[in-house]
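Order of appearance sets the numbers: ligands from 1, and atoms from 1 within every ligand. What you are looking at is a predicted structure, and each value in this text was computed from that prediction instead of being measured.
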Amino acid sequence: LQAEAIDTLKAASDADAFEAARVKYVGQKKGALKDIQKQMGSVAPEDKKSAGMKLNEVKKAIEAAVEQAQSRLLGGDEQSGDPTFDPTLPGIRPRLGHIHPITQTINHLMEIMGRMGFEAAEGPEVEDPHHNFVALNIPEDHPARDPLDNFYLATADAGAERQNVEGTRLLRSQTSTVQIRVMEQNQAPIRVISLGRVYRPDAPDATHFPMFHQMEGLYVDTNVTMANLKTVLRIFATNYLGGDVEIRFRPSFFPFTEPSVEVDFYWDGKWIEFGGAGMVDPNVFRAVGYDPRKVSGFAFGLGVERLCMRRHDIKDIRDLYSGDMRFLSQF
Ligand code: FA5
């Protein structure tokens, strides 16, 4: 058997002949060696040892011949084990991932604001009512605190969401939380932005999503005015959206700014709101231990998705979170 197997393997002139010989002699199911191995059970006990040694010898010799034939026919070690590998076929190009359009937008916004001297600050996405509401001058009975408008975490005190019960936590509904955290830990002057995720149980449509991103800005110093706020937002908008972008400020209300405005850009025949802003309310300064007679400041919170959509002409916010490669690979 040994001589026959070695001759056949040596004679194999192509991959098919080699494969047939390999199966015939060393195949795991019906190979000749397997057959002999099965018969070992019927060998007389006194002959078992020598028969076993002989079988091993034959097996090694044939396996060596298989390897030789394989590297002769298939050209080397890297293909061993896969005789069907064809090194002449073109390879499959691996698909490289890339940065998500919202992350690209965040990086771009940070760069623009960085040039105006704003440093990046961060805060947690799981917040307490103090930072999300109380210190922002949002009282307990304010509709913004409604459990239907927020993602409260299930805590031991279910139903106690509206009170300032110790341990109550929610997914932050705005990045204004970071204003409080920054002022708690730093003295004026302050010039920061904070970019991150916020969560609201809003029904998804073309301009709303339950998870989105905001860019918060906070500027605190002496003698800061509304003119400073409007100038910074105009410079920002023309830098990010282009010199011909039209923006407008509308009077509005936020508990944590006074006066307050909403900011719109003009897009496809319509005014679209992209953020809120205003002069920091004296109550907010008091909540963080600042003296509102000595400092003044402005704050703004802009929707990152809406900015990204306007710049890249994306008509539906849901495309950004569909995970559809046909959409994402365009960025
Ligand atoms: C706020 O969240 C205020 N914290 C903004 C602010 C900060 C005002 C500092 C004053 C001072 P508002 O709820 O309007 O405001 O949200 C701000 C922006 O977030 C909106 O203009 C919009 O661009 C974006 N936005 C709001 N809800 C959604 C949503 N569901 N999906 C996508 N973007 C949203």
**Student:** For K315, look at atom NZ and say whether over 12 heavy atoms of other residues, nucleotides or ligands are found less than 6.0 Å away.
**Tutor:** yes
**Student:** Does a sphere of radius 6.0 Å around CD in E119 hold more than 12 heavy atoms from other residues, nucleotides or ligands, not counting ones at 6.0 Å or beyond?
**Tutor:** no
**Student:** Within a reach of under 6.0 Å around CE of M325, are more than 12 heavy atoms found that belong to other residues, nucleotides or ligands?
**Tutor:** yes
**Student:** Output the list of atoms in ligand 1 that are nearer than 4.0 Å to some heavy atom of G275, sorted by atom number.
**Tutor:** 21 (O)
**Student:** Are there more than 12 heavy atoms of other residues, nucleotides or ligands under 6.0 Å from atom CD of E67?
**Tutor:** no
**Student:** Please check if any side-chain donor atom of Y321 sits under 3.5 Å from a side-chain acceptor atom of E305, or the reverse.
**Tutor:** yes
**Student:** Going by the atom numbers of ligand 1, which of them fall below 4.0 Å from some non-hydrogen atom of I317?
**Tutor:** 32 (C)
**Student:** Side chain, backbone, both or neither: which part of F300 comes within less than 4.0 Å of ligand 1 when only heavy atoms are counted?
**Tutor:** backbone
**Student:** Would you please classify the geometry between the F133 ring and the Y152 ring as parallel, tilted or perpendicular, with 30° and 60° separating the classes?
**Tutor:** tilted
**Student:** So which heavy atom in the protein is nearest atom 7 (C) of ligand 1, and how far is it from that ligand atom?
**Tutor:** G301 N, 3.2 Å
**Student:** Tell me whether I314 is reachable from F265 by hopping between hydrophobic residues (I, L, V, M, F, W, Y) whose side-chain heavy atoms are closer than 4.5 Å.
**Tutor:** yes
**Student:** Write out the residue and atom name of the closest protein heavy atom to atom 9 (C) of ligand 1, then the distance separating them to 0.1 Å.
**Tutor:** E216 OE2, 3.3 Å
**Student:** Would you mind telling me if ligand 1 is within reach of the side chain of E305, the backbone, both or neither, using heavy atoms under 4.0 Å?
**Tutor:** neither
**Student:** Looking only at non-hydrogen atoms, which of R200, H208, R306 approaches atom 12 (P) of ligand 1 most closely?
**Tutor:** R200
**Student:** Quick one: nearest non-hydrogen protein atom to atom 21 (O) of ligand 1, plus distance?
**Tutor:** E273 OE2, 2.5 Å
**Student:** Between G278 and ligand 1, does any nitrogen or oxygen pair lie at a separation below 3.5 Å?
**Tutor:** no
**Student:** For ligand 1, note which part of A277 has a heavy atom under 4.0 Å away: side chain, backbone, both or neither.
**Tutor:** backbone
**Student:** Check D35 with K30, please: is the shortest side-chain N to carboxylate O separation under 4.0 Å?
**Tutor:** no
**Student:** Classify the side-chain pair S176/E216 by whether it contains a donor and acceptor separated by less than 3.5 Å.
**Tutor:** yes
**Student:** Do me a favour and list the nearest non-hydrogen protein atom to atom 25 (N) of ligand 1 with residue, atom name and distance?
**Tutor:** F212 CE1, 3.3 Å
**Student:** What residue and heavy atom of the protein are closest to atom 31 (N) of ligand 1, and at what distance?
**Tutor:** F209 N, 3.0 Å
**Student:** Which one of Q214, E262, H213 has a non-hydrogen atom at the shortest distance from atom 16 (O) of ligand 1?
**Tutor:** Q214
**Student:** Among the clusters formed by ILVMFWY side chains lying less than 4.5 Å apart, do L302 and F253 turn up in the same one?
**Tutor:** no
**Student:** Quick check on contacts: which atoms of ligand 1 are under 4.0 angstrom from a heavy atom of Q174?
**Tutor:** 2 (O), 3 (C), 4 (N)
**Student:** If you measure from each heavy atom of L307 to ligand 1, is any distance below 4.0 Å?
**Tutor:** no
**Student:** Take atom CD of E111 as the centre, draw a 6.0 Å sphere, and report whether it contains more than 12 heavy atoms from other residues, nucleotides or ligands.
**Tutor:** yes
**Student:** Run down the list Y199, F253, F254 and name the one with the heavy atom closest to atom 15 (O) of ligand 1.
**Tutor:** F254
**Student:** Take every heavy atom of F256, measure it against each atom of ligand 1, and state whether any distance is under 4.0 Å.
**Tutor:** yes
**Student:** In terms of heavy-atom contacts, does CD1 of I272 have more than 12 from other residues, nucleotides or ligands at under 6.0 Å?
**Tutor:** yes
**Student:** Count the heavy atoms of every other residue, nucleotide or ligand shown that sit under 6.0 Å from NZ of K10, and state whether that count exceeds 12.
**Tutor:** no
**Student:** Within ligand 1, which atoms have a heavy atom of Q179 less than 4.0 Å away?
**Tutor:** 9 (C)
**Student:** Please could you name the atoms of ligand 1 that T257 approaches to less than 4.0 Å, counting only its heavy atoms?
**Tutor:** 10 (C), 11 (C)
**Student:** Among protein heavy atoms, which sits nearest to atom 30 (N) of ligand 1, and what does the distance come to when rounded to 0.1 Å?
**Tutor:** D202 OD2, 2.8 Å
**Student:** Looking only at distances, can you tell me whether any N or O atom of F274, backbone or side chain, sits closer than 3.5 Å to an N or O atom of ligand 1?
**Tutor:** yes
